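Being a predicted model, the structure only gives us computed values, none of them experimental.
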Amino acid sequence: AEHPEWMDVQDPTSPVHAPTMRERDLYLHHWGEALRGASRVLDLGIGAGRFAGWLLGRGCEVEGVDPDLSALWRTLWHAAGGPGRLDLHWTTGERLPALAPVDAVLCVEVACYVEDPEALVAAAARVLKPGGALCLSVEAPLGWAAAADVAPGTLGALLDGGPVAVPGDRWVRTCDEAAVRALLAGFEIVDLLPTHYAVAGPFAAAAGEGDLGALLAWEARCRVHPAIRPWNRAWTALARKRGS
C-alpha cells in the first residue's frame, strides 16, 4: 500500500521490473518448450502477472490463482484488451475451485510459502492432463540466507532446518534437493536444477547486469563450481504427470 510501484512488476517504470523480467526469462529458458506447447495453463500464485503477460501474448488461456486481491487487479489491468483469455480466482492453490483440465501448471516460488505444499502439488496433479507439465520452483536454504533480501535475525531457522517466520513480515520454508524430489514423488521429473545464483541470489550483485546469455553463462559456471554449487537461491523443476 505504501509503495505500489514495487508490486507492479509488469510496469516498465517499476524499480523491480528489470530484475523480475530477468528472473522470468531464466525460468522460461528452462520451461519455455513445455509452455509453448500448452494452450491452457494454470498459474498458481499468479501475483502481478509476470508469466501471465507472456502466456496471454501467445494466445494462451490462463487460469490464475492468488490470495492477494490487489495482485489480481494488477494482472487484470495489464491483460485487459489484449490477446488470450484470462480467468482469475481469489483463493489459494490448496483450495482450488473446479477447473477444466490444463496442459501445464506454473507453481513458481509458491510451494515454499504455503501451509501444505503436498496439498498444493496434489491439487496441481488433479487439474493437469496426463503428460502435462508442472513447472515448479522453491527457495533453497543457503542461497536464500545469503541473498540481499534475507530477513534479519533468521539464522537460527536456517541452522535448525525450520521455516523462517518473521511476524508481520514474511514466512518461508526453504527446501533442499531431497525435499523437492519428495514433493514431486508422484510425477516424472524431467529436469531439476539448482538455479538463481546470479539473479535474486547471493551472487547477483557480483554478477552485475547482463543479457540472458550472460546470465546463463554465470549460472552454468556456478552450478559446477564445487564450493559455490550449494549456494543456489532456488531449485527449478520440470515434471510431468504420469499417465497417457
Side-chain angles (χ1 to χ4, degrees), residues 19-20 22-35 43-45 47 50-51 93-94 104-125 128 132-151 154 157-164 170-204 207 212 215-241:
T20 300
R22 289 181 77 221
E23 187 176 37
R24 185 196 68 177
D25 290 346
L26 177 62
Y27 280 129
L28 290 176
H29 172 76
H30 298 295
W31 297 335
E33 183 176 349
L35 292 175
D43 191 344
L44 295 172
R50 59 173 168 168
F51 288 96
E94 299 143 294
V105 173
L106 280 167
C107 188
V108 187
E109 298 159 22
V110 175
C112 43
Y113 293 98
V114 300
E115 295 178 12
D116 191 341
E118 288 79 13
L120 179 76
V121 172
L128 260 179
L134 172 61
C135 303
L136 176 141
S137 70
V138 294
E139 303 272 12
L142 296 183
W144 193 93
D149 58 341
V150 67
T154 55
L158 170 69
L159 297 177
D160 297 337
V164 172
R170 68 192 84 180
W171 189 99
V172 59
R173 177 193 292 106
T174 58
C175 303
D176 59 15
E177 181 177 1
V180 181
R181 289 189 178 279
L183 193 60
L184 296 174
F187 287 78
E188 176 193 354
I189 298 176
V190 178
D191 200 13
L192 176 59
L193 289 172
T195 63
H196 290 57
Y197 297 92
V199 58
F203 305 104
L212 178 61
L215 174 60
L216 292 173
W218 285 125
E219 290 281 307
R221 291 183 66 183
C222 289
R223 194 174 293 123
V224 298
H225 191 285
I228 291 177
R229 189 180 192 278
W231 294 86
N232 54 305
R233 172 67 188 256
W235 286 98
T236 296
L238 173 62
R240 292 201 176 272
K241 181 176 177 178

Pair H196, Y27 - check side chain to side chain contact (heavy atoms under 4.5 Å, CB included), show working.
CA-CA 9 Å; H196 290 57; Y27 280 129; 3.3 Å; yes

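- Looking at every heavy atom in both residues, R223 comes nearest to Y197 through CA-OH, 3.9 Å.
- The CZ atom of R233 sits 10.5 Å away from the OG1 atom of T174 when rounded to the nearest 0.5 Å.
- Not one N or O on the side chain of Y113 forms a donor-acceptor pair closer than 3.5 Å with the backbone of W171.
- Atom CD1 of residue I228 and atom CG of residue L142 lie 12.5 Å apart, to the nearest 0.5 angstrom.
- Between the CZ atom in R22 and the CG atom in L215 there is a gap of 5.0 Å [rounded to 0.5 Å].
- No donor-acceptor pair under 3.5 Å is formed between the side chain of E23 and the backbone N or O of V199.
- Residues H30 and L238 form no side-chain contact, since every pair of their non-hydrogen atoms from C-beta on lies 4.5 Å or further apart.
- With hydrogens and angles disregarded, no donor-acceptor distance shorter than 3.5 Å links the side chain of E139 to the backbone of R173.
- Residues E118 and L183 meet the side-chain proximity criterion, which asks for heavy atoms closer than 4.5 Å.
- Residue L134 comes nearest to A124 through the heavy atom pair CD1-CB, 4.2 Å, listed as atom of the first residue, atom of the second, then distance.
- A heavy-atom distance below 4.5 Å is not found between the side chains of I189 and V180.
- Residue G143 comes nearest to P202 through the heavy atom pair O-CD, 3.6 Å, listed as atom of the first residue, atom of the second, then distance.
- Contact between A140 and N232 at its shortest, heavy atoms only, is CB-O, 3.2 Å.
- For the atom pair CZ of F51 and CZ of R24, the computed distance is 7.5 Å after rounding to the nearest 0.5 Å.
- Here W231 contributes atom CH2 and H225 contributes atom NE2; the two are 13.0 Å apart, rounded to the nearest 0.5 Å.
- Contact detail for P141 and C175: the closest heavy-atom pair is CD-O, 3.3 Å.
- A 4.5 Å side-chain heavy-atom check between V121 and L136 finds at least one atom pair inside the cut-off.
- One finds the CG atom of D43 at 5.0 Å from the CG atom of L106 (value rounded to the nearest 0.5 Å).
- Of the possible polar contacts, none joining the K241 side chain to the G132 backbone as a donor-acceptor pair under 3.5 Å is found.
- In this structure, the side chain of S137 engages the main chain of E109 through a donor-acceptor pair within 3.5 Å.
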Would you sort out whether V108 and R50 count as a side chain to side chain contact (heavy atoms under 4.5 Å, CB included), showing the intermediate values?
CA-CA 11 Å; V108 187; R50 59 173 168 168; 3.3 Å; yes

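- Shown here for F187 and L128, the closest heavy-atom pair between the two residues is CE2-CD1, 3.8 Å.
- The side-chain heavy atoms of W31 and D191, taken from C-beta on, include no pair separated by under 4.5 Å.
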